[in-house]
Amino acid sequence: MKGKTRMIYKMALFLHVLSAVVATGPLFAIFPMLKRMEKVEGALHQGMIEGLRGAVRAVSLAGHFIVPTGILLLLFGGWSWKTSWVLATIIMLVVSLLFLAKAFKPAWRIAEAEYFNKQLFVRTMRNATIKYILIMLVMLWLMVAKPQLW
C-alpha cells in the first residue's frame with residue numbers, strides 16, 4: 001500500500017472499529033438497565049422501556065457504518081471476497097441483521113401489552129441481548145483472527 005491508499009485504509013479501519021464499538025456498546029448497557037427495572041415499580045417502566053428501545057436503535061444505526069467501512073477495508077486491504085473468513089463474516093452479518101430484526105420484537109410486544117409482565121419482559125430482553133452479543137463476538141473473532149475455514 002502506498003500513501004493515499006494507506007491513509008484511506010487506516011481511516012476505514014478506524015471508522016470500522018469505532019462503528020463496531022458503537023454497535024456493541026449499547027448492548028452492554030442493557031444489562032444494568034434491566035437490573036434496575038427489576039427493582040422499579042409503577043409508571044417508571046415506560047421510561048426505562050424507551051431507554052432500552054434507544055439502546056437497541058443505537059445498535060441498529062451503528063451497523064449502517066460497519067458495512068461500508070468493511071467494504072472499503074476489503075477493497076483497500078487486498079482480500080478477496082471469496083476468502084473463507086470474509087464469506088463467513090458476511091453470512092454472520094446477514095444472520096445478525098435477521099436476528100436483530102426479530103429478536104427484540106417479542107419484548108416490545110410484551111411492553112405494549114395491556115398487562116405488562118415485567119419478569120417476562122426482562123427475561124426476553126436479557127436472552128435476546130445475550131444471543132446478539134454472541135453473534136457479534138463471532139463476527140469480531142472472524143474479522144480479527146481471519147481464520148482459514150475452508
Side-chain angles (χ1 to χ4, degrees), residues 9-75 77 79-150:
Y9 180 82
K10 285 184 177 185
M11 190 178 301
L13 180 61
F14 174 77
L15 292 173
H16 192 68
V17 170
L18 181 64
S19 61
V21 169
V22 173
T24 54
L27 291 170
F28 292 97
I30 289 174
F31 296 118
M33 292 171 77
L34 291 174
K35 194 75 157 165
R36 179 174 278 180
M37 181 179 260
E38 289 176 325
K39 298 174 185 170
V40 170
E41 293 297 327
L44 293 174
H45 290 128
Q46 195 57 40
M48 298 183 93
I49 290 168
E50 289 308 310
L52 291 164
R53 280 186 201 270
V56 172
R57 198 173 304 117
V59 168
S60 174
L61 291 174
H64 289 44
F65 292 100
I66 291 174
V67 174
T69 56
I71 291 169
L72 285 174
L73 289 172
L74 284 172
L75 294 175
W79 287 289
S80 166
W81 289 90
K82 297 176 186 175
T83 306
S84 63
W85 70 268
V86 172
L87 291 172
T89 302
I90 293 169
I91 290 167
M92 288 304 297
L93 176 66
V94 171
V95 167
S96 76
L97 292 172
L98 295 173
F99 184 82
L100 188 60
K102 293 183 178 188
F104 293 96
K105 282 186 182 175
W108 306 142
R109 279 192 220 109
I110 294 166
E112 294 163 0
E114 192 172 322
Y115 172 75
F116 177 65
N117 184 329
K118 180 172 63 173
Q119 289 78 21
L120 182 59
F121 176 81
V122 168
R123 187 172 353 116
T124 304
M125 279 296 293
R126 186 174 285 126
N127 288 340
T129 304
I130 289 169
K131 289 173 185 173
Y132 194 67
I133 287 172
L134 291 173
I135 291 169
M136 297 294 282
L137 286 173
V138 170
M139 279 197 295
L140 180 64
W141 173 75
L142 286 166
M143 288 181 279
V144 172
K146 298 173 180 43
Q148 184 65 33
L149 300 170
W150 55 80

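In this chain, residues are counted from 1 in sequence order.
A search for side-chain contact (heavy atoms from CB on, under 4.5 Å) contacts involving Ile90 returns Trp81, Val86, not counting sequence neighbours. For Ala145, the side-chain contact (heavy atoms from CB on, under 4.5 Å) partners two or more places apart in sequence, or in a different chain, are Trp141, Pro147. Scanning for side-chain contact (heavy atoms from CB on, under 4.5 Å) contacts around Thr69 gives Leu15, His16, Ser19, with sequence neighbours left out. Remark: Trp79 engages Trp85 in a ring-ring contact (aromatic ring centres under 6.0 Å, His included) (not counting sequence neighbours). With sequence neighbours excluded, the residues that form a side-chain hydrogen bond (donor to acceptor under 3.5 Å, both in side chains) with Lys118 are Glu41. Scanning for salt bridge (charged side-chain N to carboxylate O under 4.0 Å, His left out) contacts around Lys131 gives an empty result, with sequence neighbours left out. Met48 meets the side-chain contact (heavy atoms from CB on, under 4.5 Å) test with Arg36, Met37, Val40; sequence neighbours excluded.
Residues Ala107 and Thr124 come closest through the heavy atom pair N-CG2, 3.8 Å. Across all non-hydrogen atoms, the minimal contact from Phe104 to Ala128 is CE2-CB, 3.7 Å. The two residues Gly51 and Met33 come nearest to each other via the heavy atoms C-CE, 3.3 Å. Taking both residues in full, the closest heavy atoms of Asn117 and Ile110 are given as O-CG2, 3.7 Å, listed atom of the first, atom of the second, then distance. A pairwise comparison of heavy atoms in Val21 and Pro26 identifies O-CD, 4.3 Å as the closest pair.
In this structure the side chain of Arg123 reaches within 4.5 angstrom of the side chain of Leu120, judged on heavy atoms. Val56 has its side chain within reach of Leu100: a pair of non-hydrogen atoms, C-beta onward, lies under 4.5 Å apart. Contact check for Leu142 versus Leu149: side-chain heavy atoms found under the 4.5 Å cut-off. No side-chain heavy atom of Thr24 sits less than 4.5 Å from a side-chain heavy atom of Ile133. The side-chain heavy atoms of Trp150 and Leu87, taken from C-beta on, include a pair separated by under 4.5 Å.
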Candidate pair Leu34 and Leu52, rule side-chain contact (heavy atoms from CB on, under 4.5 Å), full reasoning:
CA-CA 9 Å; Leu34 291 174; Leu52 291 164; 3.8 Å; yes
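Taken from CG in Leu137 to CE in Met92, the straight-line distance is 10.0 Å, to the nearest 0.5 Å. Note that OG of Ser96 and CG of Leu134 are 13.0 Å apart. Values are rounded to the nearest 0.5 Å. Note that the CD1 atom of Ile135 and the CG atom of Leu93 stand 11.0 Å from one another [nearest 0.5 Å]. Within the model, atoms CG of Leu18 and CG of Leu13 stand 11.0 Å from one another, a figure rounded to the nearest 0.5 Å. One finds the NZ atom of Lys146 at 8.5 Å from the OG1 atom of Thr89 (value rounded to the nearest 0.5 Å). Atom CD1 of Ile66 is separated from atom CE of Met139 by 6.5 Å, given to the nearest 0.5 angstrom.
Within the structure, side chain to side chain donor-acceptor pair (under 3.5 Å) contacts touching residues 98-112 (residues at least two apart or in different chains) are Arg53-Glu112. For residues 17-52, the pairs satisfying ring-ring contact (aromatic ring centres under 6.0 Å, His included) are His45-Phe116, with sequence neighbours left out.
Within a 6.0 Å sphere centred on CZ of Phe99, heavy atoms belonging to other residues, nucleotides or ligands number more than 12.
Listed for the Gln119 side chain is no donor-acceptor partner under 3.5 Å among the backbone atoms of Phe121.
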